[in-house]
J.: 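The structure follows.
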Amino acid sequence: MEKCKEERKLMKETVISDSSTFDDLHSFSDDDGENCFQSDNLDDDGTTHHLEYSEQICSSCVKKRRLTQTNLFQLWGVKNPADHGKSKNVKQTNLFQMWGFENPGKSKSVQKTTTSLASCKTQRVCPFYKRIPGTPFTVDAFRYGPVKGCSAYFLSHFHADHYIGLTKVWSHGPIYCTNLTARLVRICLNVSPSFICPLELGTEYDLKGIKVTMLDANHCPGAALIHFRLPNGQCYLHTGDFRASKLMQSYPLLANQRINILYLDTTYCNPKYRFPSKEEVLKFVVGVTRTYLNNYPKTIVVVGAYSIGKEHVYFAISKALGVKIYANASRRRILQSFGWAGISENLSTNRKDTPLHILPISSLKFEMLEHYLASQDRQYTRMLAFRPTGWTYSETIGENLSLIKPTSKGNITIYGVPYSEHSSFTELQEFVQFLRPEKIIPTVNVGNAVYREKMQSYFQQWLKA
DNA sequence: GCGATCAGCT
DNA sequence: CACAGCTGATCGC
């Protein structure tokens, strides 16, 4: 134990020195004594930065996995008797409690032996594609501690994989984001308001001599594309997470404007991802719901959702059926914070008032849904559930939604629907061919050199034409 | 005891 | 690989 502690300390020091090396290579001090990221650390072939793509971790610690307890009770699907005593002390936040009733007993079929690495902390280094060269800015880089040379931290949108590391003890610098994202950072993460700097969409700001504009990203509420114009005339666009749309082609900062570097959300940068438009998916979801309710009027409709995003799936059902939306208090609070007109009238605080319920997407499993249905005072005889996720796709289904077949068990039916808030391959192509940027830096799927090369070859093909 | 963070999992 | 998290475990305070 003590040995491990020492190793961790040693590793931390090692990593910090590595980090300094990186910064020494890629940053300089300007007249104010503030560090900026140089723009000349970027090569044209896109192959010379493999090291920078991988966030640094301690390999020696990874090898030293230490077994903790194997939970045989879970392995057997039996309740751990010791949990009875614990339950009084342990703060439980499981779904059953969220719904307001007892956990019927965890019976995960297979629970792997748990291992622990927390004792061997990994220290990551901010990868180059999160830094904006020639500026003291980073985008979605909160998990690296204070980033050397960074005096302003941008948050593109409020999803956990982008704000990870941002907590109420944050003190490494100002956080720039849209108004809506700023509210979420404050109310959900309790970050000190003194660090939160909300920016109006579509308004140009001068931040440390750089012209910055946030543009709607057509992703989740509050998500932004970030446009930077440097004093030397260079323009960079960071898409954060986005779904490219025709509307973006009318943004004054994008139409007929030169973009020198495009930091691109390449989540679905593969021709196999050809999913339908959001509108088509919404139409499909509403159609399925109507048909189902015609056949089985006593049906409860459930939509799975993450913290924010994909709200229109249940808004569409709500509107089409003329029913309110039930969501738990924390989700209602978040939805209210969007400041959307008329949202309050469509939310219900009582689950008995409406057949349309929103649940965490992780709870869309038959066992949990059966329990949820059983808890509804026999109001309903069936359940229809939707799981909206971009990964719910199949090459054969492609854009033909009628090929989607639900999975059913007993009186519960679950539809996976390809409602995506990221660009499809085609949308990416159109966006890049519209923007014709000088250079493209992918920000997703970059952990693997083969993928990186594949993506760069797509970019080249698109821009050849 | 609480919050932060991480590996593993989906 | 990643979506956008969740869970359990551990550690620092």
Side-chain angles (χ1 to χ4, degrees), chain A residues 1-2 4-5 8-9 12 53-55 57-58 61-71 73-74 80 83 86 88-98 103 106 108-124 140 142-145 157-171 188-191 219-220 223 241 243 265-270 272-273 275 304-310 359-365 368 387-393 416-423 442-455:
Chain A
M1 195 64 165
E2 199 54 40
C4 198
K5 242 180 185 173
R8 188 170 72 242
K9 197 177 167 189
K12 208 170 177 180
Y53 265 112
S54 57
E55 300 181 358
I57 58 165
C58 171
C61 277
V62 171
K63 281 177 200 154
K64 291 186 188 297
R65 295 190 174 187
R66 190 165 46 81
L67 287 182
T68 55
Q69 277 186 323
T70 303
N71 190 333
F73 299 104
Q74 290 198 344
N80 185 346
D83 285 346
K86 274 185 197 167
K88 277 177 191 163
N89 302 326
V90 175
K91 189 180 159 195
Q92 289 194 1
T93 51
N94 67 49
L95 292 167
F96 296 101
Q97 288 213 340
M98 254 171 80
N103 187 336
K106 294 177 185 175
K108 285 181 184 172
S109 51
V110 178
Q111 177 83 25
K112 245 185 91 182
T113 302
T114 53
T115 57
S116 170
L117 275 177
S119 57
C120 290
K121 204 171 175 177
T122 54
Q123 178 73 38
R124 290 178 164 79
D140 300 340
F142 298 93
R143 61 182 317 192
Y144 312 101
H157 65 290
F158 194 75
H159 274 155
D161 49 335
H162 292 258
Y163 65 66
I164 188 167
L166 187 50
T167 67
K168 70 175 180 182
V169 299
W170 175 266
S171 63
C188 298
L189 304 181
N190 291 313
V191 170
H219 183 65
C220 65
D241 278 359
R243 182 153 187 182
D265 165 18
T266 44
T267 300
Y268 295 120
C269 188
N270 184 315
K272 70 182 181 184
Y273 294 111
F275 38 72
Y306 293 120
S307 62
I308 71 165
K310 319 205 176 184
L359 295 181
I361 206 163
S362 58
S363 69
L364 290 207
K365 293 165 186 166
M368 291 180 167
R387 174 199 296 274
T389 158
W391 298 113
T392 309
Y393 105 102
V417 289
Y419 186 90
S420 173
E421 293 188 325
H422 293 272
S423 317
T443 61
V444 184
N445 291 319
V446 294
N448 177 315
V450 175
Y451 286 119
R452 288 199 299 272
E453 282 156 28
K454 193 77 193 159
M455 289 190 287

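So that the names make sense, note that chain A is the first sequence line, chain B the second, and so on, each numbered from 1.
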J.: Would you say A:His159 places a side-chain N or O within less than 4.0 Å of OP1 or OP2 belonging to C:dG5?
T.: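 For A:His159, the contact criterion (side-chain N or O under 4.0 Å from OP1 or OP2 of C:dG5) is met.
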J.: Roughly, in whole Å, what's the span from OH in A:Tyr268 to P in C:dC3?
T.: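 The distance from OH of A:Tyr268 to P of C:dC3 comes to 8 Å, rounded to the nearest Å.
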J.: As a test of reading the structure: which of C:dA4, C:dA2, B:dA4 is closest to the side chain of A:Asp241, going by heavy atoms?
T.: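 So the nucleotide nearest the side chain must be C:dA4.
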J.: Does a nitrogen or oxygen in the side chain of A:Thr167 sit under 4.0 Å from OP1 or OP2 of B:dA4?
T.: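 Indeed, a polar side-chain atom of A:Thr167 lies that close.
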J.: So, is A:Ser307 near the phosphate of C:dG5, with a side-chain N or O under 4.0 Å from OP1 or OP2?
T.: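 True: A:Ser307 side-chain N/O within range (under 4.0 Å) of C:dG5 OP1/OP2.
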J.: Taking atom C1' of B:dA7 as reference, at what distance in whole Å does atom CD1 of A:Ile164 sit?
T.: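 A:Ile164 atom CD1 is separated from B:dA7 atom C1' by 11 Å.
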J.: Which whole-number value in Å describes the distance from A:Arg452 CZ to C:dC1 P?
T.: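 Going from A:Arg452 (CZ) to C:dC1 (P), I get 13 Å.
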J.: Could you state the atom-to-atom distance from CG of A:Leu364 to P of B:dC9 in whole Å?
T.: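 In whole Å, B:dC9 P and A:Leu364 CG are 22 Å from each other.
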J.: Compare the minimum distances between each of C:dA4, B:dT5, B:dC6 and the side chain of A:Arg143, then state the nucleotide with the smallest one.
T.: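 Between C:dA4, B:dT5, B:dC6, the one nearest the side chain of A:Arg143 would be B:dC6.
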J.: In whole angstrom, give the distance that lies between atom NZ of A:Lys365 and atom P of C:dC6.
T.: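 Atom-to-atom, A:Lys365 to C:dC6, this comes out as 11 Å.
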J.: If the condition is side chain to side chain contact (heavy atoms under 4.5 Å, CB included), which residues does A:Ile361 pass it with, not counting sequence neighbours?
T.: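 A:Ile361: side chain to side chain contact (heavy atoms under 4.5 Å, CB included) contacts with A:Tyr306, A:Arg387, A:Pro388.
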J.: Any side-chain N or O of A:Thr267 under 4.0 Å from OP1/OP2 of C:dC3?
T.: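 Checking A:Thr267 against C:dC3: at least one side-chain N or O falls below 4.0 Å of OP1 or OP2.
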J.: Specify whether A:His157 and A:His162 have parallel, tilted or perpendicular ring planes, treating 30° as the upper limit for parallel and 60° as the lower limit for perpendicular.
T.: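 It falls in the tilted class, 30° to 60°.
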J.: Whole angstrom is fine here: how far is it from CG in A:Asp161 over to C1' in C:dC6?
T.: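 Taking CG of A:Asp161 and C1' of C:dC6, I get 13 Å after rounding.
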J.: Which nucleotide, C:dC1, C:dG5, C:dC3, lies nearest any side-chain atom of A:Ala160?
T.: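 Ranking C:dC1, C:dG5, C:dC3 by closest atom to the A:Ala160 side chain puts C:dG5 first.
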J.: Let's go through A:Asp265 and A:His422 carefully: what are the C-alpha distance in whole Å and the side-chain angles of both, what is the deciding distance for side chain to side chain contact (heavy atoms under 4.5 Å, CB included) to 0.1 Å, and is it a yes or a no?
T.: CA-CA 8 Å; A:Asp265 165 18; A:His422 293 272; 2.7 Å; yes
J.: Distance check needed: C:dC1 C1' versus A:Glu453 CD, whole Å only.
T.: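 Distance check: A:Glu453 CD to C:dC1 C1' gives 15 Å.
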J.: Tell me whether the side-chain N/O atoms of A:His422 come closer than 4.0 Å to OP1 or OP2 in C:dA4.
T.: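 So the side chain of A:His422 is within the cut-off, an N or O lying under 4.0 Å from OP1 or OP2 of C:dA4.
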J.: I want to verify a distance call: between C:dA4, C:dA2, B:dA4, whose nearest atom is closest to the A:His219 side chain?
T.: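 Comparing C:dA4, C:dA2, B:dA4 against the side chain of A:His219, the answer is C:dA4.
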J.: Once side chain to side chain contact (heavy atoms under 4.5 Å, CB included) is applied, do any residues pair with A:Asn270, and if so which ones, sequence neighbours excluded?
T.: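 With sequence neighbours excluded, A:Asn270 shows a side chain to side chain contact (heavy atoms under 4.5 Å, CB included) to A:Lys272, A:Tyr273, given in chain and number order.
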J.: When the distance from CG of A:Leu189 to P of B:dA4 is rounded to whole Å, what number comes out?
T.: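 Atom-to-atom, A:Leu189 to B:dA4, this comes out as 9 Å.
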J.: If every non-hydrogen atom of A:Val191 is compared with every non-hydrogen atom of A:Thr167, which pair is closest and at what distance?
T.: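 A:Val191 and A:Thr167 have their closest heavy atoms at CG2-O, 3.4 Å.
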